Amino acid sequence: MQEMRVVLAGFGGQGLLFAGKVIAYAGLIENREVSWLPSYGPEMRGGTANCSVTVSDEPIGSPLIMDPTALIAMNQPSLLKFEETVVPGGIILADTSLVTRIPERDDVTVFELEATNMAEDAGLKGLANIVLVGKLLKETQFCAPETIEDAIRKAVPPRKAALVEKNLQALKMGMEN
Amino acid sequence: MAEKVLMKGNEAIAESAIRAGCRFFFGYPITPQTELAAYMAKRMPKEGGTYLQAESEVAAINMVYGASAAGARVMTSSSSPGVSLKSEGVSYIAGADLPCLIINIERGGPGLGSIQPSQSDYWQATRALGHGDFQMVVYAPSTVQEMADLAYGAFDIADKYRTPVMILGDGMLGQMMEPVELPERRTELPDKPWATTGHGNARPKNVANSLYLVAEELERTNFERYERYEQIKATEQMAELVDCEDADIIVVAFGASSRIARTAVRYAREEGIKVGLSGPSPCGRSLWTRSPQPASMQRPTCQSR
């Protein structure tokens with residue numbers, strides 16, 4: 001399978017680092033090479049947060065992604081910052097609850113999803129991140145559907161086990177839209 | 001085989017050190033190393049160990065000195081500016097011939113520099129962390145798995161040669177998560193007959209000390225210590241060579257940079273350019289003391305794959 005290099009970017013608190021961890025766990029479960037690298041530092045406090053996740057069949061060199069095959073953008077500044085880096089033929093997932101200006105590139109596929117509003121309307125506030133992981137899975141099939149459910153069970157810490165079910169609902173919502 | 005888990009490099013070092021029998025951690029927070037200390041704060045009490053956030057880096061390294069003198073497996077961790085602050089204490093520890101593990105998750109320098117990843121403490125780590133021309137075993141991992149493996153083995157090397165050992169990582173390795181298989185817990189640790197454990201006059205006293213007012217006595221300790229350094233160089237250095245047999249160009253790299261170099265070598269090979277990679281880090285147990293590349297290349301222990 002092709003290497004997937006995904007950049008997840010948005011505000012701190014939207015759960016992008018966690019969403020990246022779910023994707024990384026999916027790769028681990030399928031015995032592929034994975035790396036997860038967060039942005040760290042002052043930008044995490046109130047500003048933008050992002051992480052780079054690579055899932056590959058080859059040993060991963062740089063965990064820092066300069067040329068993503070997929071971008072998940074959960075706010076406008078993040079989309080602006082990363083949209084030009086996506087490789088031709090790549091995809092951009094934009095949470096159009098928060099992103100108003102859609103990229104004009106014609107060499108990438110842009111998917112618009114009001115993930116934040118959808119999650120909130122369904123009683124899944126704060127799980128737009130996982131809705132978008134579901135959408136990414138639907139559009140790229142980076143792992144088997146049952147794998148991603150296991151990945152969520154692994155990524156959710158034991159003390160928050162009650163949230164697994166809601167995460168699975170959010171995932172389903174993303175995969176069906 | 002143990003189950004692989006996703007862990008940050010910082011956390012993997014901490015867990016692995018605990019499994020190696022480390023029961024004392026003294027440190028002071030600094031980005032991008034803080035997860036290591038935070039992990040120790042959570043885990044050490046459950047292991048019956050001691051986690052202590054000292055009032056400064058200087059205090060922390062001197063606590064390491066004390067715990068090591070008493071025979072404990074002990075470590076500290078910091079990032080570049082903090083490691084500079086520890087340097088005096090490390091020299092004392094080397095002078096007293098005590099084992100310990102020091103982690104440097106490097107950030108940019110000099111000065112307070114930045115908090116982003118860097119490899120700019122290379123010369124400090126391999127040439128002179130403190131005064132007195134002591135030498136130190138330095139490991140340079142390039143993956144989270146290597147961070148776990150090297151932290152585990154570092155305590156054995158430190159105990160065997162009674163020397164401080166450093167793991168030289170960087171902010172990228174410390175912050176990134178990769179799958180890692182953690183080592184088994186150590187159940188038996190080496191005896192330390194030199195430790196200052198209290199003995200009720202049952203044996204001659206042990207002293208941990210780095211001050212010698214009689215010059216000849218100091219000279220004797222330095223000769224003896226340098227013999228140990230030579231033994232370490234002869235028996236413990238390791239390197240990996242990748243695609244070097246027919247190479248016209250050999251790239252030398254360590255740490256996070258060696259990961260990137262490895263990809264570059266692969267691309268170059270695909271284009272028919274005969275490039276190889278060498279370094280202490282890429283796949284395995286990797287180490288240098290003082291003369292990193294030239295000496296390590298003389299002793300390839302790990303074949304290309």
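Keep in mind the model is a prediction, meaning the values are calculated, not measured. Naming convention: chains lettered A, B, ... in sequence-line order (proteins, then strands); numbering from 1 in each chain.
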Asks: Counting only heavy atoms not in B/E270 (residues, nucleotides, ligands), do more than 12 fall under 6.0 Å from its CD?
Replies: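 Yes.
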
Asks: For residues B/P117 and A/Y40, determine if any side-chain heavy atom of one lies less than 4.5 Å from a side-chain heavy atom of the other.
Replies: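 They are in contact (side-chain heavy atoms under 4.5 Å apart), so the answer is yes.
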
Asks: Hey, could you give me the CD1/NZ distance between A/I29 and B/K4, rounded to the nearest 0.5 Å?
Replies: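 Reported value, rounded in 0.5 Å steps: 13.5 Å.
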
Asks: Would the number of heavy atoms belonging to other residues, nucleotides or ligands and lying under 6.0 Å from NZ of A/K138 be above 12?
Replies: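 More than 12 heavy atoms, drawn from other residues, nucleotides or ligands, come within 6.0 Å of this atom.
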
Asks: Is it the backbone or the side chain of A/K154 that comes under 4.5 Å from a heavy atom of chain B, or both, or neither?
Replies: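 Only the side chain of A/K154 comes within 4.5 Å of chain B.
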
Asks: Which pair of non-hydrogen atoms, one from A/G61 and one from B/T263, has the smallest distance, and what is that distance?
Replies: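 The answer is CA-OG1, 3.1 Å.
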
Asks: Can you measure from CD (B/Q175) to SG (A/C51) and round to the nearest 0.5 angstrom?
Replies: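 Separation between the atoms: 12.0 Å.
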
Asks: Give me the atom names and distance for the closest heavy-atom approach of A/W36 to B/K8.
Replies: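 Of all heavy-atom pairs spanning A/W36 and B/K8, the closest is CZ3-CE, 3.7 Å.
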
Asks: Measure the CG-CD distance between A/L37 and B/E178 for me, rounded to the nearest 0.5 Å.
Replies: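 Result: 10.0 Å between the selected atoms.
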
Asks: Check whether any side-chain heavy atom of A/E58 lies under 4.5 Å from a side-chain heavy atom of B/R266, and answer yes or no.
Replies: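 Touching, per the 4.5 Å side-chain cut-off.
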
Asks: Do the non-hydrogen side-chain atoms of A/S52 and B/M176 ever get within less than 4.5 Å of each other?
Replies: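 A/S52 does not reach B/M176 side chain to side chain.
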
Asks: What are the two closest non-hydrogen atoms of A/V34 and B/L6, and how far apart are they?
Replies: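 What the structure gives for the nearest pair is CG2-CD2, 4.0 Å.
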
Asks: Among B/A256, B/P179, B/G171, which has the most heavy-atom pairs under 4.5 Å with chain A?
Replies: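 The candidate making the most pairs under 4.5 Å is B/P179.
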
Asks: Check whether any side-chain heavy atom of B/M177 sits under 4.5 Å from a side-chain heavy atom of A/P63, and report yes or no.
Replies: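 When only atoms from C-beta onward are counted, A/P63 and B/M177 do not touch, as no gap falls below 4.5 Å.
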
Asks: Atom CZ of residue position A/R159 - does it have more than 12 heavy atoms of other residues, nucleotides or ligands inside 6.0 Å?
Replies: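 12 or below, so no.
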
